[in-house]
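Single-structure report; data block below.
Counting starts at 1 for both ligands and their atoms, in listed order.
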Amino acid sequence: MRASVRTPITLVEPTLEGLTAYANALAAGWSPDSERDASAERLTALLLDPAAFLRDIAGQERTLTLDDGSVVPRLPTRAYWIWDGEFCGTINLRWQPGTEELPSYVSGHVGYTVVPWKRRRGYATRALAMVLPLAREQGMSRVLLTTDPDNLASRRVIEANGGILAGTGPHPWARGKVKLLYWVPTEAAAATLRRGGPFRAAPGRQRGVSGP
Ligand SMILES: CC(C)(COP(=O)(O)OP(=O)(O)OC[C@H]1O[C@@H](n2cnc3c(N)ncnc32)[C@H](O)[C@@H]1OP(=O)(O)O)[C@@H](O)C(=O)NCCC(=O)NCCS
């Protein structure tokens, strides 16, 4: 059941100081990769070189190493932690300037995950609503999101933000499986924000994105 009290959330840029909270979430079993359990390997990388890890999760590296070992250019990225006074998860926006097209190795413009112990509080729904205006600032009138058909939570997050199912696409690694493709208009979120809902974000204690 959804928490009855609407705890405000804010989106904060990753910081070295905040990495302890991120590490604790990994140690508690949260995986930042929604396709596989990457908790242990990410925790090892974080402890090995925190500064490099921070550059990686903040999208500041120029290249990206895919699971198959190939190295590709990293798209412009805005990476945030979802924060309610504690670390709640992550949400990232990536795009190619001047086009709504994405390279084949990028599944969608926005990716998000919420730690298991903070789920079903509306955080992902609100975090997506907060990111859509940032996409609009980049000239995008809509963003592409993909999800597994059986990921009901993610589908509801997308649909609550006005996502329109546009078809299916190939699954990145599971043969015979598909991903659902949704286009989410960025203007809907702007209108929702102008009306003052569906959320209010807490004052940012770090650099980041707050609601109205
Ligand atoms: C998908 C995910 C980010 C949703 O985060 P969340 O903060 O719990 O989402 P919300 O609280 O905003 O819930 C959105 C809706 O999904 C529903 N929902 C949440 N978990 C659900 C579940 N396990 N089964 C069915 N519905 C669920 C909520 O009730 C809510 O519906 P409502 O708006 O009708 O009340 C989270 O489950 C997660 O991190 N999953 C693993 C990573 C992942 O799948 N990321 C997305 C990849 S496309």
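- Within the 4.5 Å cutoff, side-chain heavy atoms of V157 are placed close to those of Y112.
- Remark: aromatic rings of Y22 and W30 are close, center separation under 6.0 Å.
- For the 3.5 Å distance criterion, the side chains of D33 and S31 fail to qualify, holding no donor opposite an acceptor.
- Residue R120 has at least one N or O atom closer than 3.5 Å to an N or O atom of ligand 1.
- Listed by chain and residue number, nothing satisfies the salt bridge (Lys or Arg N to Asp or Glu O under 4.0 Å) test with E137 (two or more places apart in sequence, or in another chain).
- Comparing R156, K179, R126 against atom 32 (P) of ligand 1, the shortest heavy-atom distance belongs to R156.
- Closest heavy-atom approach to atom 11 (O) of ligand 1 among the candidates S154, G122, A129, A124: G122.
- Counting heavy atoms only, A153 comes closest to atom 21 (C) of ligand 1 of the residues C88, P32, A153.
- Within 6.0 Å of CZ in R62 there are 12 or fewer heavy atoms belonging to other residues, nucleotides or ligands.
- In this structure, T146 counts as a contact residue of ligand 1, since one of its heavy atoms falls inside 4.0 Å of the ligand.
- Ligand 1 has no N or O atom lying under 3.5 Å from any N or O atom of V157, backbone or side chain.
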Handout entry: Step-by-step side-chain contact (heavy atoms from CB on, under 4.5 Å) determination, T125 to N161
Key = CA-CA 7 Å; T125 302; N161 278 283; 3.9 Å; yes
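- The atoms of ligand 1 that sit less than 4.0 Å from any heavy atom of T125 are 10 (P), 12 (O), 14 (C).
- Numbered from 1 in the order shown, with element, the atoms of ligand 1 that lie under 4.0 Å from a heavy atom of R121 read 11 (O).
- Evaluated by nearest non-hydrogen atom to atom 38 (C) of ligand 1, the leading choice among E35, R155, R119, K118 is R119.
- Closest heavy-atom approach to atom 3 (C) of ligand 1 among the candidates Y112, Y182, W30: Y112.
- Comment: D56 engages R42 in a salt bridge, judged by a side-chain N to carboxylate O separation of less than 4.0 angstrom.
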